[in-house]
Amino acid sequence: MRRPIGKGSRTVTFVVKKYVPEKQGFDESTCEVQADPFTSVLDALIGIKERSDRSLSMRYSCNMGICGSCGMVINGKPRLACETNVFSLGSSTITVGPMEAHPMVKDLVTDFDEFFSKHQSVKPWLVREDRVEQFEARREYRQTRNQVDFFLDFAHCIKCGLCVDACPVSNTNPHFVGPQALGQAYRYNSDSRDQGEKDRLDDLDRLDGIWGCEFAGACSEVCPKGVDPALTIQQMKIDLMKRRLLGRGSGEKRAR
Ligand code: SF4
């Protein structure tokens with residue numbers, strides 16, 4: 001049951017673009033929604049599902065910008081529905097649709113298998129050269145504040161996939177590793193406890209990897225957590241060039 005609509009409410013028109021797998025195309029449904037200054041797009045969609053379109057499929061969970069489940073295209077831009085306030089959009093008509101750079105399943109739901117397999121491909125975990133230590137760690141790896149600050153901003157990724165949906169390269173080249181996975185490669189490369197940087201950079205030193213990025217910056221613009229994947233990819237281009245020209249990567253950053 002949703003909270004009652006409060007003071008200052010007004011009617012907003014929602015146009016929901018629903019993917020229909022049987023026709024591999026879209027149906028549009030239009031609904032009038034009562035919204036107040038605290039109504040999010042997710043609140044409005046749940047209201048539509050409860051009152052007028054019970055078959056509407058969408059994915060959501062935490063309703064507080066943590067789980068990354070409710071990514072969708074709202075008024076032409078990939079956003080989290082739970083974090084998007086209806087009035088903040090400044091429009092009496094709001095159009096909602098699925099993220100089209102991900103394979104579509106039904107209505108607003110998209111498939112994330114490929115997204116997570118690209119994420120996994122960059123080894124998003126701490127790699128240790130000592131195999132025993134990798135799987136049965138025997139000591140603590142303490143870090144200075146500066147060492148933590150080197151990767152902390154990039155560790156806030158909630159895997160919502162908005163950056164991939166905004167990326168013009170991901171939208172045209174399905175083989176491109178994409179801003180989320182590349183950002184996470186850099187997050188671990190920048191961690192003083194990690195020893196996997198060489199393998200990650202060698203693997204991503206290709207046109208579908210780091211060099212596929214055209215630095216449009218759209219990924220960083222839509223990221224709800226300020227991860228700035230565009231910055232991480234440019235930084236890895238520099239790290240790769242340092243390795244080629246000077247024989248060293250980002251190790252000197254960690255030592256500060
Ligand atoms: S980098 Fe940002 S936009 Fe991309 S998946 Fe992570 S949190 Fe979402």
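Each ligand, and each atom within it, is numbered from 1 in the order the structure gives. All of these numbers come straight from a predicted model, not from anything done at the bench.
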[X] heavy atoms, cut-off 4.0 Å: which ligand 1 atoms fall inside?
X	answer
Lys159	5 (S), 6 (Fe)
Gly161	5 (S), 8 (Fe)
Pro224	3 (S)
Gln180	5 (S)

Exercise. Can an N, O or S atom be found in Cys163 less than 2.8 Å away from atom 4 (Fe) of ligand 1?
Worked result: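 Cys163 does place an N, O or S atom closer than 2.8 Å to atom 4 (Fe) of ligand 1.
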Quick one: nearest non-hydrogen protein atom to [atom], plus distance?
atom	value
atom 8 (Fe) of ligand 1	Cys160 SG, 2.3 Å
atom 6 (Fe) of ligand 1	Cys157 SG, 2.4 Å
atom 7 (S) of ligand 1	Ile158 N, 3.4 Å

Problem set entry | Contact summary for Ile210 and Leu240, nearest pair of heavy atoms |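 Closest approach of Ile210 to Leu240, heavy atoms only: CD1-CD1, 3.6 Å.
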Problem set entry | Options Cys223, Pro179, Gly226, Ala230, ranked by nearest heavy atom to atom 2 (Fe) of ligand 1, top entry |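 It is Cys223 that holds the nearest heavy atom.
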Problem set entry | Any side-chain donor near an acceptor of the partner, Ser192 and Gln143, under 3.5 Å |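 Distance-only check passes for Ser192 and Gln143.
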Exercise. Just wondering, are more than 12 heavy atoms of other shown residues or ligands nearer than 6.0 Å to OH in Tyr141?
Worked result: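 Yes, enclosed.
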Exercise. So, the side chain of His102 versus the backbone of Gly161: is there a donor-acceptor pair under 3.5 Å, distance only?
Worked result: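 Checked: pair present.
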Exercise. Out of Asp43, Leu42, Val41, which one pairs with Thr39 under the side chain to side chain contact (heavy atoms under 4.5 Å, CB included) rule?
Worked result: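 For Thr39, the side chain to side chain contact (heavy atoms under 4.5 Å, CB included) check succeeds only for Asp43.
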For this session: Only one of Asn171, Val169, Leu207 passes side chain to side chain contact (heavy atoms under 4.5 Å, CB included) with Phe176; say which it is.
Result: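 Of the listed residues Asn171, Val169, Leu207, the side chain to side chain contact (heavy atoms under 4.5 Å, CB included) partner of Phe176 is Val169.
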Problem set entry | Electrostatic pair Arg193:Glu140 at N-O distance under 4.0 angstrom |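 Result for this pair is no, no salt bridge flagged.
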